[in-house]
Number of protein chains: 2
Amino acid sequence: MHDKMNHELNPRISADCVIFGFDLNKLNVLLIERETVVGLDTYKALPGDLIFEDEPLDTAANRVLNELTGLEDIFLEQVGAFGDPDRLSKPQDRAWLKAVRQDPDARVVTIGYYSLVGMNNYVPQPASFARAATWIPIEEIGELAFDHRQILDGALKKLKEKLNVQPIGFNLLPEKFTLSQLHRLYEAILGVELDKRNFRRKMLKMDILESLEERQEGVPHKPSQFYKFNEQKYHDLLKTGFDNFAF
Amino acid sequence: MHDKMNHELNPRISADCVIFGFDLNKLNVLLIERETVVGLDTYKALPGDLIFEDEPLDTAANRVLNELTGLEDIFLEQVGAFGDPDRLSKPQDRAWLKAVRQDPDARVVTIGYYSLVGMNNYVPQPASFARAATWIPIEEIGELAFDHRQILDGALKKLKEKLNVQPIGFNLLPEKFTLSQLHRLYEAILGVELDKRNFRRKMLKMDILESLEERQEGVPHKPSQFYKFNEQKYHDLLKTGFDNFAF
DNA sequence: GACCTTTGTGTCAAAAATACACTTTGCGAA
DNA sequence: TTCGCAAAGTGTATTTTTGACACAAAGGTC
């Protein structure tokens, strides 16, 4: 727009999103595959981009996420600001920035966000506007672009904390789910084993689950009871405050 | 420096610090008194300012804090980013910005930080480099400049959460303190009453306090036992993880 | 020495956490 | 058809933690 000199004077601000999904087995994160400029191999990054001049941060995060993945209007929670002056200075990051940014040398402070979505509700459309967003199991994620690994770790930490303050994670499951699935979800997020009986007892005592008549079908073992999440009771409890929630 | 046009193109970044102090009775926050431009009355703000071009965020927060209050090299924890496009648009805020900023119209995204200090360790120097930093009891704080009230509320919330995950707050007390003082501190932060006997039982069971031989002197009632905080044991516990900490 | 103020202490009942093993159900393979 | 496999589902006994509660002790002041 104006001369480049001035673009280097002031920092830019971006938003990066850590989207957690659960495939009833493992915890996944939605990542963007980017081609390295040299074209050797791809490398992975969180969906994120610069914010607009007059855009609230949360709005920007949602817009950027939508542009890159197609996900719409999700509740995003802030992880924090990441602003190390050389967070963009790894060689392949520099190369990518030079290829796509008007002012690749500008400092960028990014605001990290995270959210949970059900993996069933969202299947990345590989070749469309969702450029190359893919679910990657969290244990298989190694290094990421920029300081995205750090943002991811921060988001996971917040997610764990949150899970111990209020029961969340229903977003990550289909509408009807089994207690075992919920159990696996908790174990996946917290990264520990939880006793089956104790988990069930505690979860049911909260009284935010409704058991359905329906049961699993076609499984080669005893079919599991389906439950659904009772939003009404959940919100009532949110007001009075949860009391026994930590696992 | 350059023409004003360009200054308006990109956002600025600032750091604002919420410093909690405890006077053995009430929880206080360190605020800057500013004269309104019209000179009618003062109004209060968190210590904060723009960050430098190549400065890490945490470093900037500490520098700014030091410049405005004299406090040095404190561990600051991030509250989050606050970036509403019209967070600077209250009339008196605009007036102040016009008086002191080169580009008063630039958007500013701020990163909030918080910390705890012992009020004994730090007495604001009214007329010196610490321009007009003063401790204000937290219940007496009303509206603040910009969105600082919101930042303060966010910081307090984080502080409460943190207090329920690990025993902190020893920074807020003198080196030797009594259990009653610690008790009052917890009540001040959490904003609730805690049973004296249960509080003591639980706190002592954590085994991070050492009772000293020394007792209070000159008080018109039964003198209280002094304790000190055992950092060694605390750090050992930090690794293994606290287990019973919430009040 | 009477009074005031704050410290410091113990118990009991209720609730919650933890550890732990076997039966049930339905499918698929022999 | 039956045998085996895999996951679901269920109960109890023990220990730990919480929460409620009241009175004696110490030291200064008047």
Side-chain angles (χ1 to χ4, degrees), chain A residues 23-26 163-165 167 173-174 176-188 190 192-228 237 240-247, chain B residues 23-26 163-165 167 173-174 176-188 190 192-228 237 240-247:
Chain A
D23 62 3
L24 304 188
N25 206 12
K26 292 194 288 190
L163 199 62
N164 273 333
V165 172
L173 293 171
K176 297 169 185 175
F177 52 85
T178 72
L179 279 182
S180 307
Q181 289 166 350
L182 187 57
H183 184 199
R184 274 195 292 275
L185 172 58
Y186 268 70
E187 292 188 328
L190 297 176
V192 295
E193 278 204 1
L194 300 171
D195 181 86
K196 183 168 51 160
R197 284 179 281 198
N198 296 339
F199 176 84
R200 285 165 169 255
R201 173 163 27 126
K202 191 156 183 177
M203 192 53 81
L204 289 174
K205 187 151 42 129
M206 284 187 195
D207 198 30
I208 51 173
L209 298 185
E210 254 174 65
S211 89
L212 304 173
E213 294 307 308
E214 218 172 325
R215 339 182 98 254
Q216 268 182 325
E217 275 171 29
V219 289
H221 54 74
K222 180 168 179 179
S224 182
Q225 174 88 231
F226 279 117
Y227 287 81
K228 77 172 195 188
L237 270 180
T240 65
F242 289 93
D243 215 30
N244 273 100
F245 34 75
F247 282 90
Chain B
D23 62 3
L24 303 189
N25 207 12
K26 289 193 291 189
L163 199 62
N164 274 332
V165 172
L173 293 170
K176 298 170 185 176
F177 52 86
T178 72
L179 279 182
S180 307
Q181 289 167 349
L182 187 58
H183 184 198
R184 275 196 291 275
L185 171 59
Y186 267 71
E187 292 189 329
L190 297 177
V192 295
E193 278 203 358
L194 300 171
D195 181 86
K196 182 170 50 163
R197 282 179 282 195
N198 296 339
F199 176 84
R200 286 168 169 251
R201 178 179 12 146
K202 192 157 184 175
M203 192 55 81
L204 289 173
K205 188 154 38 129
M206 284 189 201
D207 197 31
I208 50 175
L209 299 185
E210 254 174 67
S211 91
L212 304 174
E213 293 307 308
E214 216 173 333
R215 342 184 95 255
Q216 270 183 324
E217 275 172 31
V219 289
H221 55 73
K222 179 169 177 177
S224 182
Q225 174 89 231
F226 279 118
Y227 287 80
K228 79 172 193 189
L237 270 180
T240 65
F242 289 94
D243 215 30
N244 273 100
F245 35 75
F247 282 90

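Residue numbers start from 1 in every chain, and the chains themselves are labelled A, B, ... in the order their sequence lines are given, proteins ahead of strands. Fair warning: this is a prediction, and the values are worked out from it, not measured in the lab.
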Novice: Of all the choices, D/dT18, C/dT25, C/dA17, which nucleotide is nearest to the side chain of B/K202 once you look at every atom?
Specialist: D/dT18
Novice: On DNA chain D, does the nearest nucleotide to A/H221 precede the nearest nucleotide to A/D243 from the 5' side, or the other way round? Give the residue.
Specialist: A/H221
Novice: Tell me the interatomic distance from B/M203, atom CE, to D/dT18, atom P, rounded to whole angstroms.
Specialist: 12 Å
Novice: Could you state the interatomic distance from CZ (B/F247) to CG (B/L163), rounded to the nearest 0.5 Å?
Specialist: 8.0 Å
Novice: Please give, in whole Å, the distance from D/dG9 P to A/Y227 OH?
Specialist: 6 Å
Novice: Scan A/R184 against the nucleic acid and name what it touches under 4.0 Å (heavy atoms): base, sugar-phosphate only, or nothing.
Specialist: nothing
Novice: Expressed in angstrom and rounded to an integer, what is the separation of B/N25 atom CG from C/dT6 atom P?
Specialist: 10 Å
Novice: Of the listed nucleotides (D/dG28, D/dC21, C/dT7), which one gets closest to any side-chain atom of B/R197?
Specialist: D/dC21
Novice: Just how far is it from atom CZ of B/R201 to atom CG of B/D195, taken to the nearest 0.5 Å?
Specialist: 8.0 Å
Novice: What does B/R201 touch in the nucleic acid at a heavy-atom separation under 4.0 angstrom: a base, only the sugar-phosphate, or nothing?
Specialist: base
Novice: A/S180 pairs by side chain to side chain contact (heavy atoms under 4.5 Å, CB included) with which of A/Q216, A/R200, A/K196?
Specialist: A/R200
Novice: Working to the nearest 0.5 angstrom, can you tell me the gap between A/F226 CZ and A/L209 CG?
Specialist: 14.0 Å
Novice: Taking atom P of C/dT25 as reference, at what distance in whole Å does atom CZ of A/R215 sit?
Specialist: 9 Å
Novice: Using a 4.0 Å heavy-atom cut-off across all strands, classify A/N244 as base, sugar-phosphate, or nothing.
Specialist: sugar-phosphate
Novice: Return the value, rounded to whole Å, for the distance between atom CG of B/D195 and atom C1' of D/dT17.
Specialist: 14 Å
Novice: Nearest whole angstrom, please: distance from the C1' of D/dT17 to the CZ of B/F199.
Specialist: 17 Å
Novice: Under 4.0 Å from OP1 or OP2 of D/dG9: is there any side-chain N or O of A/S224 that close?
Specialist: yes
Novice: Look at all strands and tell whether B/K196 reaches a base, only sugar-phosphate, or nothing, counting heavy atoms closer than 4.0 Å.
Specialist: base
Novice: Within the 4.0 Å heavy-atom criterion, would you say B/S180 contacts the bases, only the backbone, or no part of the nucleic acid?
Specialist: sugar-phosphate
Novice: Within this structure, what is the CZ-to-C1' distance between A/F226 and D/dA8, rounded to whole angstrom?
Specialist: 13 Å
Novice: What heavy-atom pair brings B/F242 and B/F245 nearest, and what distance separates the two atoms?
Specialist: O-CE2, 3.2 Å
Novice: Considering only C/dT7, D/dC21, C/dC20, which nucleotide approaches the side chain of B/N198 most closely?
Specialist: D/dC21
Novice: In terms of the nearest nucleotide of DNA chain C, which residue is placed more toward the 5' end: A/V219 or B/R200?
Specialist: B/R200
Novice: Could you measure the distance from the CG atom of B/L179 to the CD atom of B/Q225? Nearest 0.5 Å is fine.
Specialist: 8.5 Å
Novice: Output the rounded distance in Å from NZ (A/K205) to P (C/dA17).
Specialist: 6 Å
Novice: Please work out if B/Q225 contacts a base, only the sugar-phosphate, or nothing of the nucleic acid, heavy-atom cut-off 4.0 Å.
Specialist: sugar-phosphate
Novice: Closest nucleotide of DNA chain D for B/F245 versus for A/K222: which of these residues is on the 5' side?
Specialist: A/K222
